[in-house]
Amino acid sequence: METKGFKPEIRPFNGSLADAEGLLSVERTTFHESPYSAREVQRMLTEGPQRAWLAVAASEVIGFVVAFPTFGWQNRRWEIDLLAVRPDWTGQGLATRLIRAAAAAGAGVAHWARAVTAVHNQASLRAFQRAGFRPSAEPCHLLLRRLPGPNPLSRPTPGVTVQRTFPAMRLQGTGGDAPKGPSAFLLLAEHHGRPAGYAELIPVQTILYRGIWIEAVDASSPLVRTALLRETVELATAAGLDEIGMMVPRSDHALQETLLTAGFRSLGGFYWLWATLPLPEPPA
Ligand SMILES: CC(C)(COP(=O)(O)OP(=O)(O)OC[C@H]1O[C@@H](n2cnc3c(N)ncnc32)[C@H](O)[C@@H]1OP(=O)(O)O)[C@@H](O)C(=O)NCCC(=O)NCCS
């Protein structure tokens, strides 16, 4: 349909199959990665923690943003996970408006919103900054491990044991319509019976994949770090997940090495973008 000449509106995903199909049609012209059908996306966006907003012109979906809360051990966050505008509609401020709509809803859930953008994605960086987000000072390497596959870290690590804790349910929001989101859980390592490190993991379902985000890894030695990452790969594989990802500071060469040995590959440099919620009012 010819949508030019119509002023696009930004509105929440309405739960319909038509909206899910429209969202997926934009996804196919941008990321082109989602393995899910429109029905599956419809279910995810209505029954799970993910929420979406659409840019619509003449009843046609021309852009979308998807966000969801995560509950970490230190804070809860509103994750602006995916943002896309159909190529023939870019450069008109739609991404900025979509980010603002998602962030406004997030203000009822968390004090912080964050997103991840490739260092070379100037349009995305500009849109987030225009909406009120600030990039981290140092870019990270985004390291990704697709599953299933061999676990090259399967060698036993003598003297190291790793235990899994309960999820951080205590940080979940208590009330109202706030979507309940995935909670972090910890892997705690001991070396010869002494605390020796941890990994903070968040299981996530997005409209592109089901996986684990590694929020943080801290270990007293390379042996302990290897044990924590081996356990992460094992439990994600056993759960039938699609991938594991981590944003690793560029300066943390030791962690990058261990992840690369574990079969992760680098997708290049990415910035964290952060904002406190609610965002400041846009200039009139
Ligand atoms: C990134 C994307 C969402 C931006 O959508 P958009 O509607 O064009 O964004 P906006 O118009 O709100 O803002 C884009 C800003 O970047 C600028 N911009 C656009 N293309 C640019 C480029 N190639 N280089 C530098 N700046 C650029 C625009 O001028 C605008 O800046 P301004 O506000 O100072 O004028 C869109 O290009 C897209 O869908 N890309 C593919 C998917 C993607 O990369 N998503 C983001 C990662 S999750």
Side-chain angles (χ1 to χ4, degrees), residues 3-11 13 19 22-36 41 44-45 50-58 60-70 77-106 112-136 139-144 202 204-209 211 213 242-243 245-247 266-275 279-284:
T3 50
K4 293 292 175 189
F6 290 87
K7 183 169 164 37
E9 64 157 335
I10 307 294
R11 63 161 175 81
F13 172 77
D19 261 13
L23 186 155
L24 268 184
S25 75
V26 176
E27 194 278 333
R28 275 184 223 110
T29 64
T30 49
F31 304 105
H32 203 11
E33 284 178 37
S34 181
Y36 301 114
V41 168
M44 277 181 218
L45 295 180
Q50 297 180 84
R51 296 289 177 269
W53 288 261
L54 307 178
V56 179
E60 198 169 325
V61 180
I62 55 172
F64 71 86
V65 63
V66 179
F68 57 88
T70 56
R77 298 165 294 250
W78 186 242
E79 316 277 357
I80 312 274
D81 181 51
L82 282 178
L83 170 69
V85 171
R86 214 170 69 184
D88 55 329
W89 278 93
T90 53
Q92 300 181 43
L94 288 177
T96 310
R97 290 172 63 196
L98 283 161
I99 294 165
R100 286 203 179 108
W112 290 93
R114 72 175 181 180
V116 165
T117 288
V119 294
H120 302 302
N121 194 339
Q122 286 301 320
S124 181
L125 288 170
R126 284 288 308 150
F128 274 104
Q129 289 182 82
R130 209 177 169 83
F133 285 64
R134 293 283 161 267
S136 50
C140 293
H141 280 294
L142 176 56
L143 287 154
L144 203 72
I202 300 189
V204 293
Q205 166 79 74
T206 81
I207 65 163
L208 301 190
Y209 66 89
W213 293 350
D242 305 316
E243 62 186 51
M246 181 172 191
M247 290 276 281
S266 174
L267 299 193
F270 283 73
Y271 285 110
W272 284 116
L273 289 137
W274 286 92
L279 294 178
E281 287 294 318

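Whatever order the structure lists them in is the order used to number ligands and atoms, beginning at 1. Side-chain atoms are counted along with the backbone in the values below, which use heavy atoms only and exclude waters and symmetry mates.
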Chemist: Kindly confirm or rule out an N or O of G91 lying under 3.5 angstrom from an N or O of ligand 1.
Modeler: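 Checking ligand 1 against G91, an N or O pair does fall under 3.5 Å apart.
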Chemist: Does atom CD (E9) have a neighbourhood of more than 12 heavy atoms from anything else shown, all under 6.0 Å?
Modeler: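 Atom CD in E9 is crowded, with more than 12 foreign heavy atoms closer than 6.0 Å.
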Chemist: Distance from E243 atom CD to L144 atom CG, nearest 0.5 Å?
Modeler: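 It is 4.5 Å, given to the nearest 0.5 Å.
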Chemist: Which protein heavy atom lies closest to atom 39 (O) of ligand 1, and at what distance to 0.1 Å?
Modeler: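 Here the closest protein heavy atom is V85 N, 2.8 Å.
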Chemist: Purely on distance, is any nitrogen or oxygen of L82 under 3.5 Å from one on ligand 1?
Modeler: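 No, since none of the N or O atoms of L82 sits under 3.5 Å from an N or O of ligand 1.
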Chemist: Would you call T117 a ligand 1 contact, heavy-atom distance under 4.0 Å?
Modeler: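 So T117 does not count as touching ligand 1.
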Chemist: Would A84 count as being in polar contact with ligand 1, using the rule that some N or O on each side must be under 3.5 angstrom apart?
Modeler: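 No - when backbone and side-chain N and O of A84 are compared with those of ligand 1, no distance drops under 3.5 Å.
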Chemist: With a cut-off of 4.0 Å, which atoms of ligand 1 are near a heavy atom of T96?
Modeler: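 It comes down to these atoms of ligand 1: 10 (P), 12 (O), 13 (O).
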Chemist: Need the ligand 1 atom indices (1-based, order shown) with element for anything under 4.0 Å from a heavy-atom of Q122.
Modeler: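 The list of qualifying atoms is 24 (N), 25 (C), 26 (N).
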Chemist: If only atom types and distance count, is the side chain of S136 paired as donor or acceptor with the main-chain N or O of W272 below 3.5 Å?
Modeler: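 Answer holds: yes.
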Chemist: Geometry only, no angles: is S124 polar-contacting ligand 1 at N/O separations under 3.5 Å?
Modeler: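 No, there is no polar N/O contact under 3.5 Å.
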Chemist: Is the centre of the W112 ring less than 6.0 Å from the centre of the W78 ring?
Modeler: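 Between W78 and W112, which both carry aromatic rings, the centre distance is not below 6.0 Å.
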Chemist: Is there any N or O on F31 that sits under 3.5 Å from an N or O of ligand 1?
Modeler: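 No, since none of the N or O atoms of F31 sits under 3.5 Å from an N or O of ligand 1.
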Chemist: R51 side chain to A105 main-chain N or O, any donor-acceptor pair under 3.5 Å?
Modeler: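 No, R51 side chain to A105 backbone: no donor-acceptor pair under 3.5 Å.
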Chemist: With heavy atoms of Q92 as the reference, note each atom of ligand 1 found under 4.0 Å away.
Modeler: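 This gives 11 (O) as the contact atoms.
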Chemist: State, to 0.1 Å, how close F64 and L98 come at their nearest heavy-atom pair, and which atoms those are.
Modeler: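 Looking at all heavy atoms of both residues, the closest pair is N-CD1, 3.7 Å.
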Chemist: Side-chain contact test, heavy atoms from C-beta onward, threshold under 4.5 Å: evaluate it for F128 versus I99 and give yes or no.
Modeler: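 The answer is yes, as the side chains (C-beta and beyond) meet within the 4.5 Å cut-off.
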Chemist: Which protein heavy atom lies closest to atom 11 (O) of ligand 1, and at what distance to 0.1 Å?
Modeler: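 Nearest protein contact, heavy atoms only, for atom 11 (O) of ligand 1 is G93 N, 2.7 Å.
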Chemist: At what distance is the nearest protein heavy atom to atom 45 (N) of ligand 1, and which residue and atom is it?
Modeler: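 Result for atom 45 (N) of ligand 1: L83 O, 2.8 Å.
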Chemist: I'd like to know if atom 7 (O) of ligand 1 has any protein heavy atom within a distance of less than 4.0 Å.
Modeler: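 Within 4.0 Å of atom 7 (O) of ligand 1, protein heavy atoms are found.
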Chemist: Atom 35 (O) of ligand 1: which protein heavy atom is closest, and how many Å away?
Modeler: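 Nearest neighbour among protein heavy atoms for atom 35 (O) of ligand 1, to 0.1 Å: R130 NH1, 4.1 Å.
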Chemist: To the nearest 0.5 Å, what is the distance between OH (Y209) and OG (S34)?
Modeler: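 Separation between the atoms: 12.0 Å.
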Chemist: If we count only non-hydrogen protein atoms and require a distance under 4.0 Å, does atom 29 (O) of ligand 1 qualify as touching the protein?
Modeler: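 Given the 4.0 Å cut-off, atom 29 (O) of ligand 1 does not count as touching protein heavy atoms.
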Chemist: In the protein, which heavy atom is nearest to atom 20 (N) of ligand 1, and how far is it?
Modeler: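 Looking only at protein heavy atoms, the one closest to atom 20 (N) of ligand 1 is A123 CB, 3.5 Å.
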Chemist: Applying ring-ring contact (aromatic ring centres under 6.0 Å, His included), run through F68 and W213 and close with a yes or a no.
Modeler: CA-CA 14 Å; F68 57 88; W213 293 350; 5.7 Å; yes
Chemist: Give the residue, atom name and distance (to 0.1 Å) of the protein heavy atom nearest atom 44 (O) of ligand 1.
Modeler: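 Among all protein heavy atoms, the one nearest atom 44 (O) of ligand 1 is N121 ND2, 2.8 Å.
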Chemist: Over all heavy atoms of both residues, which pair between R134 and Q129 is shortest? Give the atoms and the distance, please.
Modeler: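 Shortest heavy-atom separation between R134 and Q129 comes out as NH1-O, 3.8 Å.
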Chemist: Do the charged groups of D81 and R114 touch, with an N to O distance under 4.0 Å?
Modeler: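 Looking at R114 together with D81, the answer is no, because their closest N to O distance does not fall below 4.0 Å.
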Chemist: Is A95 in polar range of ligand 1, meaning some N or O pair under 3.5 Å apart?
Modeler: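 So ligand 1 has an N or O lying under 3.5 Å from an N or O of A95.
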Chemist: Are there protein heavy-atom neighbours of atom 23 (N) of ligand 1 below 4.0 Å?
Modeler: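 There is no protein heavy atom less than 4.0 Å from atom 23 (N) of ligand 1.
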Chemist: Within the distance-only criterion (no hydrogens, no angle test), does the side chain of T29 pair as donor or acceptor with the backbone N or O of V26 below 3.5 angstrom?
Modeler: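 Present.
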Chemist: Going by the closest heavy atom to atom 41 (C) of ligand 1, which one wins out of T29, T30, L98, T90?
Modeler: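 Residue with the shortest heavy-atom distance to the ligand atom: T30.
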Chemist: Side chain to side chain donor-acceptor pair (under 3.5 Å) for Y36 and E27? Distances and angles first, verdict last.
Modeler: CA-CA 11 Å; Y36 301 114; E27 194 278 333; over 6 Å; no
Chemist: Looking only at distance, does R126 have an N or O less than 3.5 Å from an N or O of ligand 1?
Modeler: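 For ligand 1, there is an N or O atom that lies under 3.5 Å from one belonging to R126.
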